[in-house]
Amino acid sequence: MEKIIDGKSISTALRKQLLEKTNLLKAERGITPGLAFIIAGDDPASRVYVKSKGKACDELGFYSVTEHLPADVSEGRLLSLIDEFNANDSIHGILVQLPLPSHIDQQKVIERIDYRKDVDGFHPVNAGRLMIGERCFVPCTPAGIIEMLRHAGVNTEGSNVCVLGRSNIVGKPVANLLMRKEYNATVTVCHSRTRDLKAVTSGADILIAAIGKPDFVKSDFIKDGCVIIDVGINRVADSDSKTGYRITGDVDYKDCFAKCGAITPVPGGVGPMTIAMLMKSTYDSAAGDVYER
Ligand code: GUN
């Protein structure tokens, strides 16, 4: 097994495959995958994410549209924009970048998206179907994690997986996925109130960290040979960097490297996989591979 699980190169290969499939979809069925982005406010990280997702669409020849709304946009305006995209046959995926400004009811917005266009997999229909093992849109980061484990040749069958973090975007869906019969993992989900965290993490064959705490996981958290998936993307001050900050994960990479069996770097690990899986879900939606069109 390669020690560094290179998300950048795995995602590049995936996107190449997807480009070929997209060209066929266009030529044979006259369908161009279409993705709509909605972003509200000026959160710098959200802007960067939406820009890279738009660029990925361009590279694959997808149709994409970005609606940039002011931070004080009304909930009603946002909901009616979603209604328009729901009714637009050229749009196969709708992505509302989170977090939303605090005056907007995030769950109401998520539930307004037609679940058949919910390429983020956040709608309760998709979250529920994921849990009961039915075909659905799977949230992109968990889907990317599974793809990385598969590429790295990691066997999840019967293994102990520890998930740090219980978010709706990563922790809960990745736990549900790994419990499915296809993966057959024994999953433990830890969070801020978990007692004796190290006792749990040190029993894990695979550790998935998604808590948003820079360099939180140290070598004494893991057992020898543990496979580490680092989902964290944290900005920390760094006077040596031109920008004044650097990006680091939830895992202390240097400290854990010698002891672990394999690890995903940050940046260049889970991040690029998330975007590739979003593109795949949009393709699948356009092709009618998840829900009939
Ligand atoms: N904010 C952070 N991650 C995500 C994501 O995967 N999708 C959306 N829509 N917003 C996010």
Side-chain angles (χ1 to χ4, degrees), residues 7 11 34-57 62 64-69 71 73 78-79 81-82 85-86 91-102 104-115 117-127 130 136-148 163-177 208-213 229-235 247 249-250 264 266-267 269-282 284-285:
S11 71
L35 182 52
F37 300 100
I38 301 175
I39 174 168
D42 295 311
D43 177 54
S46 291
R47 275 174 171 255
V48 173
Y49 295 149
V50 169
K51 208 170 154 195
S52 0
K53 291 169 191 174
K55 196 165 152 250
C57 285
F62 286 13
S64 79
V65 48
T66 302
E67 286 288 344
H68 204 132
L69 305 171
V73 64
L78 183 44
L79 294 174
L81 193 56
I82 292 173
F85 287 135
N86 280 341
I91 296 295
H92 308 101
I94 302 170
L95 185 144
V96 179
Q97 186 66 29
L98 304 177
L100 287 169
S102 57
I104 292 175
D105 180 343
Q106 186 163 295
Q107 196 56 27
K108 194 166 168 187
V109 168
I110 289 172
E111 294 190 27
R112 190 68 160 246
I113 298 170
D114 182 338
Y115 70 89
K117 297 189 179 189
D118 169 39
V119 285
D120 258 329
F122 295 163
H123 191 284
V125 169
N126 285 308
L130 175 66
C136 62
F137 287 114
V138 174
C140 306
T141 300
I145 291 171
I146 296 287
E147 202 53 34
M148 293 178 99
V163 178
L164 294 186
R166 56 178 153 178
S167 72
N168 292 342
I169 297 183
V170 184
K172 282 184 204 141
V174 83
N176 275 317
L177 258 180
I208 300 172
I211 45 173
K213 290 189 180 170
I229 306 289
D230 189 352
V231 183
I233 303 178
N234 308 295
R235 271 188 191 198
I247 301 294
D250 290 345
T264 63
V266 177
V270 175
M273 291 303 295
T274 296
I275 298 184
M277 300 319 285
L278 172 67
M279 298 299 124
K280 182 175 181 301
S281 287
T282 305
D284 289 344
S285 181

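In each ligand, atom 1 is the first atom listed, and ligand 1 is the first ligand listed.
Distance alone, capped at 3.5 Å, is enough to place a donor-acceptor pair between the D250 side chain and the K213 backbone. In this structure a side-chain-to-backbone donor-acceptor pair under 3.5 Å is missing from D42 to A71.
Remark: D114 CG to I91 CD1 distance equals 12.5 Å, nearest 0.5 Å. We find the NZ-OG1 distance between K53 and T274 to be 8.5 Å, quoted to the nearest 0.5 Å. Distance check, rounded to the nearest 0.5 Å: NE2 of H68 to OG of S46 gives 9.0 Å.
Using a 4.0 Å heavy-atom cutoff, F122 is listed among the residues neighbouring ligand 1. Using 4.0 Å as the threshold, T141 has no heavy atom nearer than that to any atom of ligand 1.
Interface atoms of ligand 1 facing Q97, defined by a heavy-atom separation under 4.0 Å, are 1 (N), 9 (N), 10 (N), 11 (C). Atoms of ligand 1 found under 4.0 Å from any heavy atom of V96, numbered from 1 in the order shown, are 8 (C), 9 (N). Close approach of ligand 1 to L95 is summarised as follows: ligand atoms under 4.0 Å from at least one heavy atom of the residue are 9 (N).
Among D120, V50, V170, V231, the residue whose heavy atom lies nearest to atom 5 (C) of ligand 1 is D120.
Applying the side-chain contact (heavy atoms from CB on, under 4.5 Å) test between P173 and each of L130, V163, V138 identifies L130 as the sole match.
Among the atoms of I169, none of the N or O lies under 3.5 angstrom from an N or O of ligand 1. Of the N or O atoms in K53, none lie within a sub-3.5 Å distance of an N or O in ligand 1.
The nearest heavy-atom contact from the protein to atom 1 (N) of ligand 1 is L98 O, 3.0 Å.
A heavy-atom distance below 4.5 Å is not found between the side chains of V174 and I229.
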